[in-house]
Amino acid sequence: MARLNRNGADLTLDAKSPADMIDEAVSAAKKADIAVVVLGESFMMTGEAASRSDIGLPENQKALLKALKATGKPIVLVLMNGRPLTLQWEDDNLNAIVETWYGGHRAGEAIADVLFGKYNPSGKLTMTFPVT
């Protein structure tokens with residue numbers, strides 16, 4: 001845990017199990033018209049000296065997406081990450097993917113503007129996403 005709590009960050013594990021949190025998310029999604037799911041890499045998974053042998057979403061996040069997919073609701077995945085990820089299942093099964101990288105202190109407002117159609121981003125990515 002010392003590595004997770006670098007630079008004085010106070011991170012603690014949630015008392016709920018991953019399965020309990022997935023159940024809560026599925027319950028909320030069933031009541032909604034669409035599920036907007038924000039996932040990606042923690043700050044410790046990317047950057048210098050943060051190599052990963054699997055550059056897909058972590059398994060708990062994939063399990064969440066698969067459980068939400070089973071609800072039949074449209075799903076928008078909002079990604080926050082520092083590198084291109086392998087997203088083959090996500091690309092094949094989700095309705096939309098919004099790549100946000102790691103935005104600054106006003107990223108939330110910008111992402112909301114995109115999700116609600118107030119802004120239509122355009123441009124080309126400067127990198128390629130790997131396919132597994």
Side-chain angles (χ1 to χ4, degrees):
M1 279 303 209
R3 181 165 156 72
L4 248 175
N5 292 320
R6 75 173 184 185
N7 299 327
D10 187 19
L11 300 175
T12 56
L13 292 176
D14 197 302
K16 298 175 192 167
S17 72
D20 289 339
M21 289 186 279
I22 288 172
D23 289 343
E24 280 184 35
V26 166
S27 178
K30 286 179 178 177
K31 299 173 193 170
D33 294 329
I34 186 169
V36 177
V37 187
V38 182
L39 301 175
E41 296 179 304
S42 73
F43 72 99
M44 291 298 298
M45 291 179 162
T46 191
E48 291 186 41
S51 298
R52 295 176 57 203
S53 60
D54 178 353
I55 58 171
L57 290 175
E59 286 305 314
N60 282 341
Q61 293 182 25
K62 286 185 181 182
L64 170 62
L65 288 173
K66 289 175 181 178
L68 292 171
K69 175 72 175 170
T71 68
K73 300 290 183 158
I75 301 170
V76 175
L77 172 59
V78 177
L79 284 173
M80 292 190 176
N81 48 290
R83 76 179 94 228
L85 301 175
T86 53
L87 300 167
Q88 194 63 52
W89 184 90
E90 296 81 354
D91 186 45
D92 292 341
N93 290 279
L94 305 181
N95 300 87
I97 299 174
V98 179
E99 176 60 76
T100 68
W101 306 109
Y102 288 128
H105 66 282
R106 300 206 45 203
E109 294 171 61
I111 293 166
D113 285 348
V114 169
L115 292 175
F116 286 101
K118 292 182 180 179
Y119 180 75
N120 184 13
S122 63
K124 304 291 182 202
L125 291 176
T126 58
M127 52 192 80
T128 302
F129 280 69
V131 177
T132 55

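Everything numeric in this text was worked out from a predicted model, so none of it was measured. Numbers here are sequence positions counted from 1.
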> What do the steps show when you test Ile55 against Glu41 for side chain to side chain contact (heavy atoms under 4.5 Å, CB included), and what is the final call?
Replying inline: CA-CA 9 Å; Ile55 58 171; Glu41 296 179 304; 5.6 Å; no

Please check: side-chain N/O of [X] versus main-chain N/O of [Y], any donor-acceptor pairing under 3.5 Å?
X: Asn95; Y: Val76; result: no
X: Thr86; Y: Val131; result: no
X: Asp91; Y: Leu87; result: no

Could you pull out the closest heavy-atom pair between [X] and [Y], with the gap in Å?
X: Trp89; Y: Leu94; value: CZ3-CD2, 4.1 Å
X: Leu57; Y: Gln61; value: CD2-OE1, 3.4 Å
X: Met45; Y: Pro58; value: CE-CG, 3.7 Å

>> Side-chain heavy atoms nearer than 4.5 Å, only ILVMFWY residues, links allowed to pass through others: does that put Tyr102 and Leu39 together?
In response: no

> Ile97 and Val38: same hydrophobic cluster, using ILVMFWY side-chain contacts below 4.5 Å?
Replying inline: no

Any [X] side-chain heavy atom under 4.5 Å of [Y] side chain:
X: Met80; Y: Ile111; result: yes
X: Met127; Y: Arg83; result: no
X: Thr100; Y: Val114; result: no

Got a second to check how far [X]'s [atom1] is from [Y]'s [atom2], nearest 0.5 Å?
X: Leu68; Y: Asn93; atom1: CG; atom2: CG; value: 12.0 Å
X: Asn81; Y: Glu99; atom1: CG; atom2: CD; value: 4.0 Å
X: Phe129; Y: Leu79; atom1: CZ; atom2: CG; value: 7.0 Å

Name the atoms and distances for all side-chain donor-acceptor pairs under 3.5 Å in residues 18-36, with sequence neighbours left out.
unit_1 : atom_1 : unit_2 : atom_2 : d
Asp20  : OD2    : Ser17  : OG     : 3.3
Glu24  : OE1    : Lys16  : NZ     : 3.4
Glu24  : OE2    : Lys16  : NZ     : 2.9

